[in-house]
2 protein chains.
Amino acid sequence: MFVTMVFVNASESSPRSRRDRPAKPPLSRDWIIDSAVEIMRTEGLAKVTMRRVAQELDTGPASLYVYVANTAELHSAMLDRLLGDLRPSGSGPWTEQVEQLLIDYTVLLSGYPGLARAALMIRPSGEHALGLFDRLLGLLLDGDVAPDRAAWGADLLILLGTAEAAEHGARDTADPNPAVDPSHGWAAVEAAVRAADPGRLPHLAAHADVALAGNGPDRLRWAFRAVLSGIAATATITTPPTQEDHR
Amino acid sequence: MFVTMVFVNASESSPRSRRDRPAKPPLSRDWIIDSAVEIMRTEGLAKVTMRRVAQELDTGPASLYVYVANTAELHSAMLDRLLGDLRPSGSGPWTEQVEQLLIDYTVLLSGYPGLARAALMIRPSGEHALGLFDRLLGLLLDGDVAPDRAAWGADLLILLGTAEAAEHGARDTADPNPAVDPSHGWAAVEAAVRAADPGRLPHLAAHADVALAGNGPDRLRWAFRAVLSGIAATATITTPPTQEDHR
DNA sequence: ACCTGAACACCGTTCAAGT
DNA sequence: ACCTGAACACCGTTCAAGT
């Protein structure tokens, strides 16, 4: 069996670094998540299967089910572990800090697009995910955004960052899963836009250049800036519940 | 073999409705996509596998590869087929029309959350996806949004709708894949927010009620309205390319 | 209580061989 | 050119049996 030697920084959540792992480590939730994250870093999320992780830990897949409910829950735990690496950054006005925090979040997740997609399903509720939400909410309140708009807005901004990571990451990262061919997908869009028939798609044809303009970072920062300004400026909506719908 | 009898409206893209399909239909891209969509409607996206579709068409999985590149490409084609059902709706001011179009898009996709997640990877470039973009772009231009903001904004709004569908759909729809337990995921978030420690998560603890307030439709409409206002109000960003980065 | 061998019921994709 | 049988290399999850 070939064992890759990779140096991995011990995260605060992992009790021991991988290097001094004993030959047959005791199974634990932390060890499972650690191994899973390491496999993801070196081989991509597609390879993080129950069987592969079990193999890494010298056991059978059935053993993992003592500590992890299923594959989705494992992915969710991996995401929260990763979010622990997100340190406060950005200075200056609060809007600048919000933008930078969201960009950091998106860039971090872009490295693992599969995980970003999983985040859209699982609604991470781990401590690090909640910490990010709290920090963001705090910045919005600092900026005197009304609490109801700030709360809904923080949710919206994180959703947007997650979506950008899922999409952007798919475009830029080498995904080991051959079923996904991002370059083809993106090139196909660009070709389709440039070939837009002015009869059927008049607006797109007329503005193909602006639609395709801009680099990734500029568009990302613009998106966060635009959404942030909209959040502060838009009153929340509350329709009274109908009789059939009193939750 | 048990064959479910389901009435399916013949879409404009499908040459024949399923009811008059001959016992052994000739293979074709359209037929494959039709069968795939029907399996998704009745059994969920998780069941739309190459093998399952092939079985439905009385052939082996290898045969499908003549017409479809891989599973991801099949999913992408299914999504575009579905987008063909999206009819213009909404009246009144252009902002109202934009909101309604996006809500329709999101609700449609919410019925198939797996497909929404796929859309985040594949960047649909089919005719119906481009048609939606064009219609949205036209509405924004009607509202005198500057072309560059309108183009980037249409992209942003569709991304947001896709993400909302992926997330919202996961929460509401019965996914036949037992690995995904959405109710548990959402309940976990709600419980975690209510239990937020005021020491560690001060803002979240102080505003748990507003964070959890609001029904789905209200929050969805608010999100689109906020983003729309931000798009109109925020200048696009263009940083000059550096020497290392002249694409 | 924790762990696991073995099994069940599946996957996507390829390719040589047929028609 | 189009189609396919068979194979390759995998999956997640369960459960009875062990320690």
Side-chain angles (χ1 to χ4, degrees), chain A residues 1-2 22-33 35-36 39-40 43-78 114-115 117-118 121-122 175-182 184-185, chain B residues 1-2 22-33 35-36 39-40 43-78 114-115 117-118 121-122 175-182 184-185:
Chain A
M1 188 84 323
F2 178 70
K24 176 85 175 183
L27 234 42
S28 77
R29 191 166 214 272
D30 272 340
W31 262 113
I32 291 169
I33 297 167
S35 298
I39 293 169
M40 180 178 65
E43 301 171 44
L45 183 70
K47 286 277 165 57
V48 181
T49 65
M50 292 304 234
R51 292 176 115 103
R52 180 70 184 78
V53 173
Q55 183 199 111
E56 192 73 16
L57 295 166
D58 287 316
T59 184
S63 305
L64 305 184
Y65 285 84
V66 177
Y67 304 99
V68 156
N70 51 44
T71 308
E73 206 244 323
L74 175 61
H75 287 348
S76 161
M78 292 165 67
L115 220 46
R117 262 167 296 145
M121 299 238 65
I122 307 173
D175 193 310
N177 177 3
V180 178
D181 185 353
H184 174 273
Chain B
M1 190 81 321
F2 178 69
K24 175 86 174 183
L27 235 41
S28 77
R29 190 166 215 274
D30 273 338
W31 262 113
I32 291 168
I33 297 167
S35 299
I39 293 169
M40 180 178 65
E43 302 171 42
L45 183 70
K47 286 278 165 56
V48 181
T49 65
M50 293 302 234
R51 292 176 117 103
R52 179 70 185 78
V53 174
Q55 183 198 112
E56 191 73 17
L57 294 167
D58 286 314
T59 183
S63 305
L64 304 184
Y65 285 83
V66 178
Y67 303 98
V68 155
N70 50 47
T71 308
E73 207 244 323
L74 174 61
H75 288 348
S76 160
M78 291 166 67
L115 220 47
R117 263 166 294 144
M121 299 237 65
I122 307 172
D175 193 309
N177 179 3
V180 178
D181 185 352
H184 175 270

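Chain letters run A, B, ... following the sequence lines, proteins first, then strands; residues in each count from 1.
Nearest heavy-atom pair, A:Ala77 versus A:Ile33, reported as atom, atom and distance to 0.1 Å: CB-CD1, 3.6 Å. Closest approach of B:Gly114 and B:Leu45 over heavy atoms only: C-CD2, 3.3 Å.
Per the geometry, CD belonging to A:Gln55 stands 14 Å off P belonging to C:dG5, to the nearest Å. Counting to the nearest Å, the C1' atom of C:dC3 and the CG atom of A:Leu64 are 11 Å from each other. Between the CG atom of A:Leu74 and the P atom of D:dT13 there is a distance of 10 Å, rounded to whole Å. Remark: P of D:dC2 and CD1 of B:Ile32 are 12 Å apart, rounded to the nearest angstrom. Between the P atom of C:dA16 and the OH atom of B:Tyr65 lies a distance of 17 Å, rounded to the nearest Å. Regarding A:Asn70, its CG atom lies at a distance of 5 Å from the P atom of D:dT13, rounded to whole Å.
C:dC10 and D:dA9: their P atoms are spaced 23 Å apart (whole Å). Comparing C:dT14 with D:dC3, their C1' atoms are spaced 14 Å from each other, to the whole Å.
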Pairwise N/O distances under 3.5 Å, protein to nucleotides 9-11 of chain D:
unit_1 : atom_1 : unit_2  : atom_2 : d
D:dC11 : OP1    : A:Thr49 : OG1    : 3.3

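Between the side chain of A:Arg51 and the backbone N or O of A:Pro61, no donor-acceptor pair lies under 3.5 Å.
A:Thr71 is not listed as a side-chain neighbour of A:Thr49, based on a closest heavy-atom distance of 4.5 Å or more. With a 4.5 Å cut-off on side-chain heavy atoms, B:Val66 and B:Leu27 do not count as touching.
Distance check: A:Arg52 CZ to A:Leu57 CG gives 9.5 Å after rounding to the nearest 0.5 Å. Rounding to the nearest 0.5 Å places CE of A:Met78 at 12.0 Å from CD1 of A:Ile32. Interatomic distance, CD of B:Glu56 versus CH2 of B:Trp31, reported as 10.0 Å (0.5 Å rounding).
When the side-chain nitrogen and oxygen atoms of B:Tyr67 are compared with OP1 and OP2 of D:dC3, one or more of them lie within a distance under 4.0 Å.
Nucleotides of DNA chain C nearest to B:Pro61 and A:Ala62 differ in position, and the one nearer the 5' end is that of A:Ala62.
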Symbol by symbol from the 5' end, with Watson-Crick or G-U pairs under 3.5 Å, [ ] crossing and | another strand, DNA chain D is ||.|||||...|||||.||
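Shown here are the side-chain contact (heavy atoms from CB on, under 4.5 Å) partners of A:Tyr65, two or more places apart in sequence or in another chain: A:Met50.
For A:Val66, the side-chain atoms get nearest to C:dT4 when compared with the rest of C:dT13, C:dT4, D:dC3.
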